[in-house]
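What follows is a set of notes on a single structure, which appears directly below.
Every chain is numbered from 1 and lettered A, B, ... according to where its sequence line falls, protein lines coming before strand lines. Only a predicted model underlies this, so the values are computations on that prediction, with no experimental measurement involved.
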2 protein chains.
Amino acid sequence: MGEPPNGHGNGHGNGRREVTVSDVAAAAKVSKATAARALGDYGAVSEAVRDRVQAAAEQLGYRPNALARTMSTGRSNTLGIVVGDIENPFFAQATRGAADVANAAGFDLILSNSDEEADTEQKAIGVQLAKRVDGLLVAPASSVDLDNLRTIIDAGRPLVLFDRAAPDLEVDTVVADNRRGAEQLTGLLTAAGHRRIAFISTIRHPGGFRRGDTLGSSSVADRVQGFTDALEGAGIADPESFVHLNARQEGVEPLARRLLEDRDRGITAIVASDSLIALGVFRAARALGRSIPHDLSLVAFDDADWTSVTTPAVTVMAQPIHEIGAEAARLLIRRIGGDGGPVVTRTLPQHLIERDSVAPPARR
Amino acid sequence: MGEPPNGHGNGHGNGRREVTVSDVAAAAKVSKATAARALGDYGAVSEAVRDRVQAAAEQLGYRPNALARTMSTGRSNTLGIVVGDIENPFFAQATRGAADVANAAGFDLILSNSDEEADTEQKAIGVQLAKRVDGLLVAPASSVDLDNLRTIIDAGRPLVLFDRAAPDLEVDTVVADNRRGAEQLTGLLTAAGHRRIAFISTIRHPGGFRRGDTLGSSSVADRVQGFTDALEGAGIADPESFVHLNARQEGVEPLARRLLEDRDRGITAIVASDSLIALGVFRAARALGRSIPHDLSLVAFDDADWTSVTTPAVTVMAQPIHEIGAEAARLLIRRIGGDGGPVVTRTLPQHLIERDSVAPPARR
DNA sequence: GCTCTTGTTGAGACCGGTCTCAATCCGGTA
DNA sequence: TACCGGATTGAGACCGGTCTCAACAAGAGC
């Protein structure tokens, strides 16, 4: 048939075939095995032959096929990372931390967004597994529904969780000390005299929050815990009633607005579970003509870069986000390296940055 | 030897071997070829056999090896994306746009950061190529030094550039209309009466900027062009002297500070080439006790979410960032699909969002 | 009844590497 | 001179899929 010579259907659109070890071997007049040794830098090859092979490779523009290598070695030197949304600065930063550690160790990252959706996450994990990543870094959409994560473990792939834990799963985890962070942040507010403080998170949770409820994300659960503990410690009754979830559904700005306009509730301070929420609150306050911190005190998680530049600058609980990603990658790579030691959980400290968004409540 | 049965050295740490088509075939008592057909959903298989095979696969927990598939088909269903820094919100957003389009078309993304460094970029591209991505999305570290990009083209891989063009290369490109954007933004300032306006970018450029200089990034080059055109149009002499590059070296806050403190220069307005720079300027102004917009007018590229929440809110030129990434991915996938049409360059419009950071210059 | 077509199946090559194993070559040694 | 051990090299299996091709079966048409 009039096919292009040597092409048998595959190849990549353009007629050119990739140059392979065999081609190089032929050009250097050695066997494929020897050429492979010279190129892959393993086994023993004489100086002369190595040079000859490398020259031939150079000459032909040889470019190793990492996939073929993976096929025979079983190592892909690729990590999978699945985050909620790479546009979220938290995940972007954590991903960068992971990427830096991964690169330094010779790994690449396949990135997937779960949109905090179990189905999407499942699909992403499926693909990563199919592509034979050496291990996965996951910020799980759920700390409770463990099916997706178990898929990974069943497939025998190392797994490290970050940002959120899955207490019922035996797996390495890197989180921040959210409970303590929330407690401190809230303490600042109660110390300033606030008694009616709202906590806002975008996490989905059917119905209102009640004591004992299990939240989908362990990090939010921990924050809620720290928050309610702090309120309780300050002698405030029914702390759970101050917890507002599902903010994404309503939109955080509308929710904040509703809260602020509710005279009966009389909210005088807000704890924002992340910097995006803080932004929404800021907008709501501005729209309502409430001044921060005089009419409303605001504290938030994450030292987003803009928080220092608003008027007033906002008091935040900074998380070592970059390090969370980096440490997760370190743990994962260690496991991939064959470390069979006991499962570890790293709880990294957060630190408070006090700025100007907290003041005593205005008297009504 | 006392090796684990059936294992011959590879495998993944745990003893378990992956289950393959052959295993499934054996279990379903058909040939490997037939099992593959039933599982891969290609060729013709009888209803009965298909069911039998699928049941066996289910039973054994078969999970296809995408790498093996790639080996024979030549398609990896993976795109490479190399950005300056995923932590930069611009790149995070563009990446998300690309990821969405890619996923919808059945592709994944391998992510690399170039740190705007030619060497790092080169390495990243090398790895992506080795992993046989079907195509690459690159925000090139340089629009001028084309070696890295040529590597890709020489390897016969489809390539799409985004955010920055490489005019001397025949390659699909998606950029924003930076020149017009800069002209408009600057025009706002001159119209308000400013005559001494600084443009700040972090791009590296040896020595001071002079007319006719070729900048490493086409997008910055275009902005500079629009900026100087606007100044010229306003009858301002020596527009090039108002262009400040290399802001990363000195740090943008220190640079902005130096500029603002320089009485001879008498800068009354600043055009920030991205939102990170705007942030630095904001900090510098605050540190110096200059009030925006009375003592200093500020405009910036990118409608970063915080720009609406500062006091004053900042006037920005918004870019369709998400769409830049998405469109780039669309073009790339089309090429991968075999479209051999002429090279296209998409120039997406930017749009102005006027807020409160511009006012007439204070009289001195 | 016989050829033709269509549908289904199996055998085996192939993708591009790695790796095992045996063969060969070499100088050094008894 | 014959033998030994280490260094080099080549042949070929293997990884887990896809795909081509030939064999075979059954129903259609004459």
- Message: Is it the case that the side chains of B:Asp115 and B:Thr120 hold a donor-acceptor pair, with the cut-off being a distance below 3.5 Å and no angle test?
- Response: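 No donor-acceptor contact under 3.5 Å links the two side chains.
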- Message: Under a plain distance cut-off of 3.5 Å, with no hydrogens placed, do B:Thr78 and B:Lys131 share a side-chain donor-acceptor pair?
- Response: no
- Item | salt bridge (Lys or Arg N to Asp or Glu O under 4.0 Å) assessment of B:Glu323 paired with B:Arg346 | CA-CA 11 Å; B:Glu323 182 58 18; B:Arg346 293 272 141 82; over 6 Å; no
Could you check how far [atom1] of [X] sits from [atom2] of [N], rounded to whole Å?
X: B:Leu39; N: D:dT18; atom1: CG; atom2: P; answer: 8 Å
X: A:Arg75; N: C:dC19; atom1: CZ; atom2: P; answer: 12 Å
X: B:Leu67; N: D:dG16; atom1: CG; atom2: C1'; answer: 10 Å
X: A:Met71; N: C:dC14; atom1: CE; atom2: C1'; answer: 12 Å
X: A:Asp23; N: C:dC14; atom1: CG; atom2: C1'; answer: 14 Å
X: B:Arg63; N: D:dC15; atom1: CZ; atom2: P; answer: 20 Å
X: A:Lys32; N: C:dT18; atom1: NZ; atom2: C1'; answer: 9 Å
X: A:Asp41; N: C:dG17; atom1: CG; atom2: P; answer: 15 Å

- Query: Can B:Arg150 and B:Asp154 be counted as an ion pair, charged N to O under 4.0 angstrom?
  - Reply: no
- Salt-bridge contact B:Arg50-B:Asp41 (side-chain N to carboxylate O under 4.0 Å): yes
- Message: Nearest to the B:Thr73 side chain among D:dG12, D:dC15, D:dT18, which nucleotide is it?
- Response: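 Out of D:dG12, D:dC15, D:dT18, the nucleotide with an atom closest to B:Thr73's side chain is D:dT18.
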- For the side chain of B:Tyr42, starting at C-beta, report the closest nucleotide among C:dG17, D:dT18, D:dA11. D:dT18
- Query: Can you tell me if B:Asp134 uses its side chain to pair, donor with acceptor, with the backbone of B:Ser76 under 3.5 Å?
  - Reply: yes
- Message: Tell me whether A:Arg96 contacts the main-chain N or O of B:Glu87 through its side chain, where contact means a donor paired with an acceptor under 3.5 Å.
- Response: no
- Task: Report the end-to-end axis angle of the helix from C:dG1-D:dC30 to C:dA30-D:dT1; each axis comes from five terminal pairs, and the value is rounded to 10°.
- Result: 60°
- Task: Might you point out which heavy atoms bring B:Ser217 and B:Arg164 nearest each other, and give the distance in Å?
- Result: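 Nearest heavy atoms, B:Ser217 then B:Arg164: OG-CG, 3.7 Å.
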Please list, pair by pair, any protein nitrogen or oxygen found under 3.5 Å from a nitrogen or oxygen in nucleotides 7-9 of chain C.
from, atom 1, to, atom 2, distance (Å)
C:dT9, OP1, B:Ser46, OG, 3.1
C:dT9, OP2, B:Ser46, N, 2.9
C:dT9, OP2, B:Ser46, OG, 3.4

Contacts table for residues 22-37 of chain A: side-chain donor-acceptor under 3.5 angstrom, sequence neighbours left out:
from, atom 1, to, atom 2, distance (Å)
A:Asp23, OD1, A:Arg17, NH2, 3.1
A:Asp23, OD2, A:Arg17, NH2, 2.8
A:Asp23, OD2, A:Thr20, N, 2.9
A:Ser31, OG, A:Ala33, N, 3.4
A:Ser31, OG, A:Thr34, N, 3.1
A:Ser31, OG, A:Thr34, OG1, 3.1

